[in-house]
There are 2 protein chains.
Amino acid sequence: MQNTEEVLRTKKIKVTPQRMAVYSVLRDTRSHPNVEMIYKKLKPNYPAMSLATVYKTVDVLKKVGLIQELNVGEGGLRYDAFVEPHSHAYCESCSRVDDVESIPIEKIQDNNLFKKVREETGFTVNATQIFFYGFCPECQEKIEENV
Amino acid sequence: MQNTEEVLRTKKIKVTPQRMAVYSVLRDTRSHPNVEMIYKKLKPNYPAMSLATVYKTVDVLKKVGLIQELNVGEGGLRYDAFVEPHSHAYCESCSRVDDVESIPIEKIQDNNLFKKVREETGFTVNATQIFFYGFCPECQEKIEENV
DNA sequence: ATTTCTGCAAATGCTTTGCATTGCA
DNA sequence: TGCAATGCAAAGCATTTGCAGAAAT
């Protein structure tokens with residue numbers, strides 16, 4: 001995997017320790033953290049890091065396409081450095097977000113879905129976002145225990 | 001179509017003018033308004049109507065299943081009285097939200113998609129939300145004019 | 001040297017809350 | 001009448017902004 005510094009440089013944005021740190025956190029996890037979670041994770045190693053900087057940084061990373069922003073309803077905005085098209089499962093109990101890779105969005109696109117949407121609505125479509133809402137394995141267990 | 005008052009009564013919630021008004025607005029439009037839009041629409045006829053009441057009302061209507069809440073990213077929370085499963089197209093320029101009915105979610109469910117998600121992630125899935133992001137016909141024209 | 005980023009604090013804006021009053025059942 | 005909903009103002013929270021100092025190119 002290309003190192004974080006190189007990746008940022010490729011995108012022609014200034015390379016700062018804060019940006020490397022935020023992007024590294026996102027590259028190293030599959031947990032789709034929100035800004036607060038990123039901040040908490042970084043604080044021990046970067047005591048001077050400001051929450052506002054995390055906000056500004058995810059914004060920059062999003063704009064250059066290094067990360068994607070997920071709007072998961074009550075769970076707020078989450079960030080994901082895995083930018084290949086894929087869908088997500090959201091746990092309505094603990095707000096956990098998992099990747100779903102077995103339903104590849106490319107396949108849906110291949111099925112002429114974008115074209116179909118265009119025919120119906122006149123919209124030109126660039127992207128799609130698919131969410132599955134339900135309960136993660138851990139929360140299912142908890143719910144069963146409480147019966 | 002059943003009248004608004006009857007529908008509310010069926011759901012065993014208190015029938016008030018404010019609730020009827022909010023629900024009527026949502027039944028009469030396909031524009032997926034947010035709270036602010038609902039409020040503005042009602043203000044001329046209900047000058048005493050408070051924004052807080054609109055917030056509380058959409059919450060109640062959502063809980064009894066009369067409307068659904070759509071989380072459309074930057075456009076915030078939108079409300080829709082059309083609760084049959086369907087997907088949505090979101091205009092990244094003007095925030096307009098259109099229904100997409102030609103891609104029925106039932107069909108996706110029939111394709112064992114929920115089962116597939118469960119096999120991959122362990123999540124039990126109750127619902128899905130599909131968004132198409134792009135530009136609506138009007139905004140496409142505007143963009144072309146400015147070239 | 002210049003431009004951009006960071007960190008702080010203040011400001012913003014959307015949403016929620018508390019509570020006295022009103023209104024539905 | 002009793003309980004729930006409304007409307008107002010205040011509070012709450014996540015996010016954004018302005019700006020002086022710091023850092024990257």
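Just so we're on the same page: letters track the sequence lines, and every chain starts at 1.
- Of all the residues in residues 54-67 of chain A, A:Y55, A:K56 reach under 4.0 Å from DNA chain D with at least one non-hydrogen atom.
- Side chain of A:K43 to main chain of A:M49: a donor-acceptor pair is present (N/O by atom type, distance under 3.5 Å, no hydrogens or angles).
- Residues from residues 21-30 of chain A lying near DNA chain C, meaning a heavy-atom separation below 4.0 Å, are absent.
- The side-chain hydrogen bond (donor to acceptor under 3.5 Å, both in side chains) search around B:E69 returns B:K62, B:Y79, not counting sequence neighbours.
- Interface limits on DNA chain D: the 5'-most and 3'-most nucleotides within less than 4.0 Å of chain B heavy atoms are D:dC3 to D:dC8.
- Judged as a side-chain hydrogen bond (donor to acceptor under 3.5 Å, both in side chains), and not counting sequence neighbours, B:E141 has no contacts.
- Annotation: proximity of residues 37-53 of chain A to DNA chain D (heavy atom, distance under 4.0 Å) is found for A:A52, numbered in ascending order.
- Side-chain contact check for A:L77 versus A:V35: every heavy-atom pair is 4.5 Å or farther apart.
- No donor-acceptor contact under 3.5 angstrom links the side chains of B:H88 and B:D98, judged on distance only.
- Taking atom CG of B:N34 as the reference point, atom P of C:dC14 lies 9 Å away to the nearest angstrom.
- B:F131 is listed as a side-chain neighbour of B:L70, based on a closest heavy-atom distance under 4.5 Å.
- Side-chain contact of B:N126 with A:E92: a donor-acceptor pair under 3.5 Å is present, judged by distance alone.
- Under the side-chain contact (heavy atoms from CB on, under 4.5 Å) criterion, B:E5 pairs with B:N3, B:R9, B:V15, B:M20, sequence neighbours left out.
- For the pair B:T29 (side chain) and B:V25 (backbone), a donor-acceptor distance under 3.5 Å is absent.
- Remark: the A:S102 side chain and the B:E120 side chain contain an N/O donor-acceptor pair separated by less than 3.5 Å.
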* **Working for side chain to side chain contact (heavy atoms under 4.5 Å, CB included), residues A:L8 and A:L61** => CA-CA 9 Å; A:L8 297 184; A:L61 295 176; 3.8 Å; yes
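- Within residues 6-13 of chain A, no residue has a heavy atom under 4.0 Å from DNA chain C.
- Residue B:Q18 has no polar side-chain atom (N or O) positioned under 4.0 Å from OP1 or OP2 of C:dG23.
- The CG atom of B:N71 sits 10 Å away from the P atom of C:dT15 (whole-angstrom rounding).
- In this structure, the helix from C:dA1-D:dT25 to C:dA25-D:dT1 shows an angle of 40° between the axis at its start and the axis at its end, each fitted on 5 base pairs and rounded to 10°.
- The aromatic rings of B:H32 and B:H86 sit tilted relative to each other, their planes meeting at an angle between 30° and 60°.
- Both A:V125 and A:I130 belong to a common hydrophobic cluster when Ile, Leu, Val, Met, Phe, Trp and Tyr are linked at side-chain heavy-atom distances under 4.5 angstrom.
- Screening residues 36-60 of chain B for ring pair (Phe, Tyr, Trp, His ring centres under 6.0 Å), with sequence neighbours left out, gives no hits.
- Taking 4.0 Å as the cut-off between side-chain N and carboxylate O, B:D80 and B:R78 do not count as a salt-bridged pair.
- Qualifying side-chain hydrogen bond (donor to acceptor under 3.5 Å, both in side chains) partners for B:K14, counting only residues two or more places apart in sequence or in other chains: none.
- Both B:V64 and B:L26 are part of a single hydrophobic cluster, where members link through side-chain heavy atoms under 4.5 Å apart.
- Legend: residues meeting side-chain hydrogen bond (donor to acceptor under 3.5 Å, both in side chains) with A:S95, ordered by chain and number and at least two apart, are A:Y90.
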